[in-house]
K.L.:
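Below you will find the structure I want to go over with you.
Counting starts at 1 for both ligands and their atoms, in listed order. The shown structure was predicted, so the numbers you read here are calculated from the model rather than taken from an experiment.
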Amino acid sequence: MISVDEAKKIILASVEPVDTEQIPLAESHYRVVAEDVASQDDIPPFDNSSMDGYALYAAEVQDAHSASPVTLKVLEEVQAGDVSQKTLEKGTAVHIMTGAPIPDGADAVIEQELTSSRNGTVGIASPVIKGKNIRRKGEDVRAGQVVVRKGTRLSASHMGALASVGRASVVVFRKPKVAFLTSGNELVRVDSALGPGKIRNSNAYSMLGLLEEAQCSPVELGMTPDNEEVLTRKVNEGIHNDALITSGGVSVGKYDLMLKAMENASVERKFWKVNIKPGGPFAFGVFKRNGKAVPVFALPGNPVSTMVTFLQFVLPGLQKLMGMIPSSRLHVKARLEHDITKKDSKRHFVRGIVRNEAGALVVTTTGSQSSGVLTSMTAANCFIVLPEERKDPKVGEEVEVELL
Ligand code: AMP
Ligand code: MG
């Protein structure tokens with residue numbers, strides 16, 4: 001049995017990013033960039049006004065007052081998209097709109113609201129400091145500066161940033177095809193009646209959701225009985241994708257045949273059993289195909305174990321596969337609202353609800369922590385992470401919380 005940290009380390013060391021492709025910027029939402037994207041130009045490309053108002057020379061209005069306004073001659077009007085042809089001289093101003101370039105000779109813009117215009121002149125009723133309401137060339141991005149780093153998952157703001165530097169297309173990592181299969185003689189499909197001894201195949205759907213949240217392309221291989229031959233065939237099929245995830249049949253029962261099927265399909269096992277609760281029987285291996293290692297994650301079938309091992313082990317592996325800069329869920333400290341029983345030396349991921357109470361974080365468990373109780377997961381907004389050495393945490397004690 002290996003530790004949670006070792007398991008993650010082995011997975012990350014075994015997985016390589018998929019290859020890349022060039023796609024239109026418009027299709028890049030949530031894709032992972034495979035290049036550092038730098039700007040060729042300064043952004044903004046010129047000094048411009050952040051207000052509708054008057055561009056002027058600040059020193060000329062330093063004594064302006066509502067009782068004694070300074071009157072300036074308005075040379076012209078400059079709209080966003082145009083460039084002023086005039087240079088300011090003593091006693092003049094240019095009527096300027098937001099986003100228009102600052103005319104030569106001006107060093108500040110006064111807001112329209114603080115002025116009054118009449119017959120080609122403008123009255124300035126208050127002073128303005130030099131540089132006021134001017135957005136400087138390059139204040140957002142300098143020419144040559146990287147605006148989106150390799151390994152970034154593109155959000156809306158990244159797409160905007162890429163557009164602002166003129167990138168109509170972008171090189172991204174291919175969206176990996178991740179096959180998954182569920183196993184167990186007891187499983188029936190979601191739309192089937194429950195016969196004696198049968199349960200509905202919930203993992204097929206939680207895994208589908210997890211894969212979609214991870215932004216992979218799920219390839220469902222279906223539901224498999226606990227039969228070595230069928231399992232082997234399905235594993236063989238699955239490893240022709242970028243990764244394979246299986247659920248169930250990985251424990252020590254007589255009909256737990258997943259490890260045997262992996263072996264039959266020439267999947268090299270890297271480890272089996274992790275010092276974690278829930279999810280202890282988790283296994284991981286790789287299949288070598290054309291010099292590439294296809295990761296194979298074998299998850300225990302208990303619905304909560306499936307989700308916990310996915311989030312702790314599969315997701316970091318998939319992120320590496322997708323070329324992402326490693327990211328982890330946010331960890332915070334919170335006070336326990338009641339005792340938790342923990343006698344063993346495993347790392348526990350207890351489903352919890354964390355909330356803010358008068359400025360301090362407090363956390364409670366979601367009730368039964370049996371690994372079959374999926375509602376303990378649906379109610380949770382965090383895991384209470386209890387380290388290996390921690391025993392019986394008590395009410396009021398501080399615990400580490402991993403936000404979901
Ligand atoms: P196993 O990992 O195959 O030993 O299964 C452990 C427990 O999880 C058993 O009670 C199974 O019935 C249940 N289980 C296994 N696979 C699924 C699934 N796909 N959906 C819901 N429950 C499952
Ligand atoms: Mg089973």
K.L.:
Examine the side chains of Asn236 and His240 and answer whether a donor and an acceptor come within less than 3.5 Å of each other.
P.N.:
no
K.L.:
Verify the distance criterion only: is there a donor paired with an acceptor across the side chains of Arg153 and Gln215 at less than 3.5 Å?
P.N.:
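There is no such pair between these side chains.
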K.L.:
For ligand 1, what is the set of protein residues having any non-hydrogen atom at a distance below 4.0 Å?
P.N.:
Thr182, Ser183, Glu186, Leu187, Ile199, Arg200, Asn201, Ser202, Asn203, Ser247, Gly248, Gly249, Asp256, Pro300, Gly301, Asn302, Pro303
K.L.:
So with a 6.0 Å cut-off around NZ of Lys342, is the heavy-atom count from everything else above 12?
P.N.:
yes
K.L.:
Please determine, by modelled atom types, if Ser376 and Arg351 share a side-chain donor-acceptor pair under 3.5 angstrom.
P.N.:
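Checked: Ser376/Arg351 side chains pair up, N/O donor to acceptor below 3.5 Å.
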K.L.:
Are the ring centres of Phe297 and Phe313 closer than 6.0 Å?
P.N.:
no
K.L.:
Working to the nearest 0.5 angstrom, can you tell me the gap between Glu337 CD and Ile353 CD1?
P.N.:
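Answer for the CD-CD1 pair, Glu337 versus Ile353, is 9.5 Å.
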